[in-house]
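To start, the structure under review is shown below, and the notes come after it.
Residue numbers count from 1 along this sequence.
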Amino acid sequence: MASIHALSSSVSDTFDEGPFVIGYTCCFTLMGILLVQCAIYFNRFPNDRTWTKVLVSVILLLETIITVFVFHGFWIGATQHGSNLSWVVAVGIGGQQLVPDPLWSFIALAPLTGLVSSLTHGFFCWRIWAVRKSVIVPVLVMMLSLVQFSMVTFGGVVYGLVPDTNVDHPMPFYVPVWLVGSLVCDLVITVYMTISLVDCSEKSGFRHTKSLLTKLIKLTIETGLVTTTAALIELVLAIAFRVTMYHVALFYIISKLYANCVLATLNSRISLNRTVDRHKTAAVYNNWHSSDRSGGTPSRNSADVIQIHTKVETSIRMDPYHASLEV
């Protein structure tokens, strides 16, 4: 941790507690939402592929550990150091000088957050491959995702993710690589997946299939917009306000946004997997002739009427991994 202690502490009272309050509140709230989504998933899709359930279980485990570590920092700062929540990253209250010395639990958040991000990118890259049957874009996205994972892990272990309060020093290289890499991954996944689904919709000749794909396009844009916007805001805060910890509000919740987007995509099958029942009745006139020579409706006395009652049942299932429609 020598690199952490080597950071300048010339600026007093730099770290505002506001971002920490926002980060803690949103983190605990999103964890509750994630638990509900996981309960819905395991209850409604018990027969999903094994690797899918393993992925959800791993993400839930990682997010639980992240929440425990976040709560540890909150508890230490709130109960043992004069209710100074920013103590998790630096010793120094009020007008005292800040000495960067992050808690071990705060440092551990870096690799865990990066891992959840990469798992999420991998999940959506699989969906892209399933639609396009091409590995070029998924492989490139995953390579960039692994780079951002490496950078956030490096920044957490070596620098503790604590900014250098000396504006004369250059920004650590890991910050832009980590945040820009994550942003580009989210943007490419959202745009490419949307284009792929639009292309499938245009090629489909079935109205109901087009409607189904339209819902998937909306879901893709919505989930992608959430993660892309969060990554962009964190990037702006980390660079434009580099001597503060404003970006910590997003750092505490970014992994849970990724996790909730994965579960939202999986659980969307509840609305997409539905059975459409149609009852059709047809009247067939055998050996009929019109009671009116000029045409018109058949006479009841001159036609044998056969009534056919049919029930058409169409089962539509959307597999988010293979992005295939089975009718």
Side-chain angles (χ1 to χ4, degrees), residues 15-41 55-81 83-90 102-121 123 148-149 152-153 155-157 160-163 175 178-179 182-183 186 222-223 225-238 241 244-265 267:
F15 301 148
D16 188 2
E17 293 187 24
F20 291 89
V21 174
I22 295 174
Y24 289 137
T25 303
C26 294
C27 175
F28 300 145
T29 301
L30 288 174
M31 185 61 195
I33 297 175
L34 181 62
L35 290 174
V36 173
Q37 290 216 71
C38 287
I40 294 174
Y41 170 76
L55 174 64
V56 173
S57 300
V58 170
I59 290 178
L60 178 60
L61 176 62
L62 292 174
E63 286 303 325
T64 301
I65 295 174
I66 289 174
T67 304
V68 171
F69 287 172
V70 170
F71 183 78
H72 174 262
F74 167 77
W75 184 261
I76 295 297
T79 62
Q80 299 185 17
H81 296 277
S83 297
N84 181 26
L85 299 180
S86 64
W87 190 90
V88 297
V89 295
L103 288 175
W104 63 268
S105 56
F106 182 80
I107 296 173
L109 294 178
L112 292 174
T113 298
L115 182 56
V116 172
S117 301
S118 292
L119 288 175
T120 302
H121 293 152
F123 169 78
Q148 67 87 25
F149 169 57
V152 68
T153 302
V157 173
L161 295 181
V162 180
V175 175
W178 156 38
L179 295 176
S182 182
L183 175 62
D186 296 338
E222 290 168 357
T223 55
L225 186 63
V226 169
T227 56
T228 303
T229 302
L232 179 61
I233 294 176
E234 185 175 9
L235 173 64
V236 171
L237 292 178
F241 303 94
T244 69
M245 288 294 287
Y246 290 163
H247 76 92
V248 79
L250 274 300
F251 176 68
Y252 275 149
I253 67 175
I254 191 70
S255 67
K256 286 178 175 53
L257 291 177
Y258 281 121
N260 274 287
C261 284
V262 171
L263 268 298
T265 301
N267 290 336

#### Entry: Nearest heavy atoms of S255 and I66, plus distance in Å
OG-CD1, 3.6 Å
### Query
Minimum heavy-atom separation for W178 to V152, with atom names?
CE2-CG2, 3.5 Å
### Message
Tell me every residue that passes side chain to side chain contact (heavy atoms under 4.5 Å, CB included) with V226, counting only those two or more places apart in sequence or in another chain.
### Response
L257, C261
### Query
Which pair of heavy atoms, one from T25 and one from V21, lies closest together, and at what distance?
OG1-O, 2.9 Å
### Task
Please report the shortest heavy-atom distance between D186 and A231, naming the atom on each side.
OD2-CB, 3.9 Å
### Task
List the atom of Q37, the atom of N267, and the distance in Å for their closest heavy-atom pair.
O-ND2, 3.1 Å
### Residue pairs, two or more places apart or on separate chains, that pass salt bridge (Lys or Arg N to Asp or Glu O under 4.0 Å) and touch residues 245-263
E63-K256
I'd like a table of donor-acceptor pairs (distance under 3.5 Å, sequence neighbours excluded) in which one partner is a side-chain atom from residues 102-115, with atom names and distances.
| from | atom 1 | to | atom 2 | distance (Å) |
| --- | --- | --- | --- | --- |
| S105 | OG | H72 | ND1 | 2.8 |
| T113 | OG1 | L109 | O | 2.8 |

### Query
Can you find a pair of side-chain heavy atoms, one from F123 and one from T265, that are under 4.5 Å apart?
yes
### Message
Distance check, rounded to the nearest 0.5 Å: Y24 atom OH versus W75 atom CH2?
### Response
13.0 Å
## Note on the structure
Rounded to the nearest 0.5 Å, the CZ atom of F69 sits from the SG atom of C27 at a distance of 12.5 Å
### Message
Under the side-chain hydrogen bond (donor to acceptor under 3.5 Å, both in side chains) definition, can you give me all pairs with a residue in residues 225-238, not counting sequence neighbours?
### Response
none
### Query
About how many Å separate CD1 of I233 and NE2 of H247, when rounded to the nearest 0.5 Å?
14.0 Å
### Query
Looking at CD of Q148 and CG of L179, how far apart are the two atoms once the value is rounded to the nearest 0.5 Å?
9.0 Å
### Task
Classify the angle between the aromatic ring planes of F71 and F74 as parallel (below 30°), tilted (30 to 60°) or perpendicular (above 60°).
tilted
#### Entry: Contacts of Y258 that satisfy ring-ring contact (aromatic ring centres under 6.0 Å, His included) - sequence neighbours left out
H121
### From OH (Y41) to CG (L34), nearest 0.5 Å
13.0 Å
### Query
Nearest heavy-atom pair of C26 and I253: which atoms, and what distance?
CB-CG2, 3.4 Å
### Task
Not counting sequence neighbours, which residues clear side chain to side chain contact (heavy atoms under 4.5 Å, CB included) with V36? List them please.
I40
### Query
Any side-chain heavy-atom pair from L62 and L119 closer than 4.5 angstrom?
yes
### Task
Answer whether the closest heavy-atom distance between the side chains of L35 and L60 falls below 4.5 Å.
yes
